[in-house]
Amino acid sequence: MRFTLSSTALSSRLNALSRVINSKNSLPILADFLFDIHDNVLYLTASDSENVMKTQLDLTESDGNGRFAIGNHDLLEAVKGFSEQPITFDVDMTTNLAKISYQNGLFSLPIENADEYPQPQGMEFAAHEIVIPNILLAENINRTLFATAQDELRPVMNGIYFDLTPESLAIVASDGHKLVRNRLMTIRSEQPASFILPKKPASLLKNLLGKDGGDVVIRFDERNAQINYGEGEIICRLIEGRYPNYNSVIPQNNPNLLTVDRLGLLAALRRVQPFANDSSNLIRFHVEGGTLQLDAEDYDFSKTATERIACEYNGQPISIGFKGASFIEILNNFDCPEVIIKLADASRAGLVLPSEQPENQDVVMLMMPMLIND
């Protein structure tokens, strides 16, 4: 079997697929890319057994159909430095060898029987479906992924929760200390449905989406999801279990409203945070009038820091403690010029919102407070 294709197109597809492959695999063949040539189209697959990633590209020419598997590392290293040029595969199924020729040279690699490559589980007939614009899904994964947990005792917290209701699609993540909830008002369903997307396929999508227009189609049942994103698809096993009632932890009445320049607050936190205690990372927020004061201290090493920044504040004077690193993460995941911080008292969660909500969206991030000693 012989086929020819673009070297740069092959390299870009293989680089994307390689992110799903683990360094150590339960099956040796999972260290391979699966090549499937059919009707002048190359279908490429990579898998770690729980996540399967597929893509395809048109061939310049081919003389037949066939399937084989080839090791990911050597092939990636060989093609990644090529300039744009045709690259030709001569595959001998008898000797299990692929000869790859290009403009100035030739190399050969062993191949394996494609029948040994595991096939992904099919979707149930009554699977649910969500259609969401590519760029919108990319934005929401980028805004949410940082808040997922790494909790062996509560695996449901280790992914992004998609909650489809008659009112909206909520995309949620929380590690118990911070929470992000994005509601997309234009996506809804009379039949409520939900799933928890694990961190790895979410990270893969974060790198793949947002590069073009079009829609992403997510089909899912109780155990698996199939995500079609234009030039390929991801099939993944979902996290099973009941996600906590995230709405119940979001306070509905935080009357003290603080409006502040996002980049100014972010820069101030970065200057003050190194002076906080290493174990607690506590930063004290004191707001009164038109001034927000940030205080950090580590008496074990005789370190303290204070910085004041201008703000707009409508409420009673308040002092509240937050974990500096987490607050920096929250501010980093907004792209608005100003943020609104809603506070109630030192023991209730603070809410951080963009000064202007994205169109047809409702974005809120929550930070649990830390105990401060006055």
> What's the verdict on side chain to side chain contact (heavy atoms under 4.5 Å, CB included) for Val172 and Thr144, showing C-alpha distance, side-chain angles and the deciding distance?
Replying inline: CA-CA 7 Å; Val172 183; Thr144 310; 5.9 Å; no

>> If you apply the rule salt bridge (charged side-chain N to carboxylate O under 4.0 Å, His left out), what do you find for Asp335 with Arg143, and how did you get there?
In response: CA-CA 10 Å; Asp335 56 7; Arg143 192 183 289 137; 5.2 Å; no

> Hey, mind stepping through Asp295 and Thr306 against side-chain hydrogen bond (donor to acceptor under 3.5 Å, both in side chains) and telling me if it holds?
Replying inline: CA-CA 5 Å; Asp295 294 291; Thr306 297; 2.6 Å; yes

>> Test side chain to side chain contact (heavy atoms under 4.5 Å, CB included) on Ile187 and Ser168; report intermediate values, then the result.
In response: CA-CA 5 Å; Ile187 301 174; Ser168 65; over 6 Å; no

>> Checking Lys303 against Glu297 for the salt bridge (charged side-chain N to carboxylate O under 4.0 Å, His left out) test, could you report, in this order, the C-alpha distance in whole Å, the side-chain angles of both residues, the deciding distance, and whether it holds?
In response: CA-CA 6 Å; Lys303 298 191 300 184; Glu297 56 191 32; over 6 Å; no

>> Run Arg188 and Glu167 through salt bridge (charged side-chain N to carboxylate O under 4.0 Å, His left out) and show every step you take.
In response: CA-CA 6 Å; Arg188 58 178 75 95; Glu167 293 77 35; over 6 Å; no

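At most 12 non-hydrogen atoms from other residues, nucleotides or ligands lie less than 6.0 angstrom from CD of Glu356. Remark: Lys99 NZ is loosely packed, at most 12 non-hydrogen atoms of other residues, nucleotides or ligands lying under 6.0 Å away. Counting heavy atoms of neighbouring residues, nucleotides and ligands inside a 6.0 Å radius, atom NE2 of His286 exceeds 12 of them. Counting heavy atoms of neighbouring residues, nucleotides and ligands inside a 6.0 Å radius, atom CD of Gln85 exceeds 12 of them. Crowding of Lys178 atom NZ: a count of heavy atoms from other residues, nucleotides or ligands under 6.0 Å exceeding 12. Atom CD of Glu77 has more than 12 neighbouring heavy atoms from other residues, nucleotides or ligands inside a 6.0 Å radius.
Counting only heavy atoms from C-beta outward, the side chains of Val91 and Ile111 approach each other to under 4.5 Å. The closest side-chain heavy-atom distance from Glu222 to Glu240 is not below 4.5 Å. When side chains are defined from C-beta on, His128 counts as touching Gln191, because their heavy atoms get closer than 4.5 Å. Side chains of Leu265 and Leu263 form no contact here, defined as non-hydrogen atoms less than 4.5 Å apart. Taking the side chain as every heavy atom from C-beta outward, Cys236 and Leu197 approach each other to under 4.5 Å. Here the side chains of Val217 and Ile227 are not in contact, with every heavy-atom distance at 4.5 Å or above. Phe285 has its side chain out of reach of Ile318: every pair of non-hydrogen atoms, C-beta onward, lies at least 4.5 Å apart. A heavy-atom distance below 4.5 Å is found between the side chains of Pro358 and Val363.
The ring of Phe162 has its center no closer than 6.0 angstrom to the ring center of Phe220. In summary, the aromatic rings of Phe195 and Tyr161 are positioned with their centroids too far apart to meet the 6.0 Å limit.
When all heavy atoms are compared, the tightest approach of Ala268 to Ile309 is CB-CG2, 4.1 Å. Contact record, Arg154 with Asp151: N-OD1, 3.1 Å, taken as the closest heavy-atom pair. Closest non-hydrogen pair, Ala16 versus Met53, comes out as O-CE, 3.5 Å. Shown here for Ile29 and Asn113, the closest heavy-atom pair between the two residues is CD1-O, 3.6 Å. Residue Gly71 comes nearest to Asp32 through the heavy atom pair CA-OD1, 3.3 Å, listed as atom of the first residue, atom of the second, then distance. Here the shortest heavy-atom pairing between Val156 and Tyr243 reads O-CE1, 3.3 Å.
Although no hydrogens or angles enter the test, the distance criterion places no donor-acceptor pair under 3.5 Å between the side chain of Asp215 and the main chain of Val131. Listed for the Ser6 side chain is no donor-acceptor partner under 3.5 Å among the backbone atoms of Glu84. At distances below 3.5 Å, at least one donor-acceptor pair connects side-chain atoms of Asp92 with backbone N or O atoms of Thr95. Counting only distance, with no hydrogens or angles, the side chain of Ser355 and the backbone of Glu338 share a donor-acceptor pair below 3.5 Å. In this structure, the side chain of Asn25 does not engage the main chain of Leu27 through any donor-acceptor pair within 3.5 Å.
Look at Arg2 and Asp63 and you find no salt bridge, because none of the NZ, NE, NH1 or NH2 atoms lies under 4.0 Å from a carboxylate O.
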Determine all donor-acceptor pairs shorter than 3.5 Å in which one atom belongs to a side chain in residues 339-349; sequence neighbours excluded.
from   : atom 1 : to     : atom 2 : distance (Å)
Asp345 : OD1    : Ser347 : N      : 2.9
Asp345 : OD1    : Ser347 : OG     : 2.6
Asp345 : OD1    : Arg348 : N      : 3.2

Got a list of side-chain donor-acceptor pairs under 3.5 Å for residues 201-209, not counting sequence neighbours?
from   : atom 1 : to     : atom 2 : distance (Å)
Ser203 : OG     : Lys199 : O      : 3.0
Asn207 : ND2    : Ser203 : O      : 3.2

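The distance from atom CG of Asn254 to atom CD1 of Ile250, rounded to the nearest 0.5 Å, is 11.0 Å. Rounding to the nearest 0.5 angstrom, the gap separating the CG atom in Leu238 from the CG atom in Asn224 is 6.0 Å. From Leu57, atom CG reaches atom CG of Leu44 across 6.0 Å, with rounding to the nearest 0.5 Å. To the nearest 0.5 Å, the span separating CD on Glu190 from OG1 on Thr165 amounts to 9.5 Å. In this structure, NZ on Lys80 lies 16.0 Å from OG1 on Thr8, to the nearest 0.5 angstrom. Taken to the nearest 0.5 Å, the CG atom of Asp90 stands 8.5 Å off from the CG atom of Leu106.
The side-chain contact (heavy atoms from CB on, under 4.5 Å) test with Leu169 singles out one residue from Asn140, Ile130, Thr186, and that residue is Ile130.
Sorted by first and then second residue, the salt bridge (Lys or Arg N to Asp or Glu O under 4.0 Å) pairs with a member in residues 258-268 form an empty list; sequence neighbours excluded.
Using a 3.5 Å distance cut-off with no hydrogens or angles, the side chains of Ser62 and Asn40 do pair a donor with an acceptor. Side-chain contact annotation: Glu312 with Asn314, donor-acceptor N/O pair under 3.5 Å absent. With no hydrogens or angles considered, no side-chain donor-acceptor pair links Asn228 and Arg219 at under 3.5 Å. Defined by atom type and a distance below 3.5 Å, a donor-acceptor pair is present between the side-chain atoms of Thr4 and Thr88.
The aromatic rings of Phe3 and Phe35 sit tilted, their planes meeting at an angle between 30° and 60°.
When the side chains of ILVMFWY residues are joined at heavy-atom separations under 4.5 Å, either directly or via intervening members, Leu179 and Leu145 end up in two distinct hydrophobic clusters. A single hydrophobic cluster is seen to contain both Ile21 and Val79, as judged by linkage of ILVMFWY side chains at heavy-atom distances under 4.5 Å, directly or through other members. Taken together through direct or relayed side-chain contacts under 4.5 Å among Ile, Leu, Val, Met, Phe, Trp and Tyr, Tyr117 and Ile234 form parts of separate hydrophobic clusters. Following chains of ILVMFWY side-chain contacts shorter than 4.5 Å, one cannot reach Phe33 starting from Leu30, and the two form parts of different hydrophobic clusters. Linking ILVMFWY residues whenever their side-chain heavy atoms come closer than 4.5 Å, directly or via other members, leaves Ile372 and Phe322 in distinct clusters.
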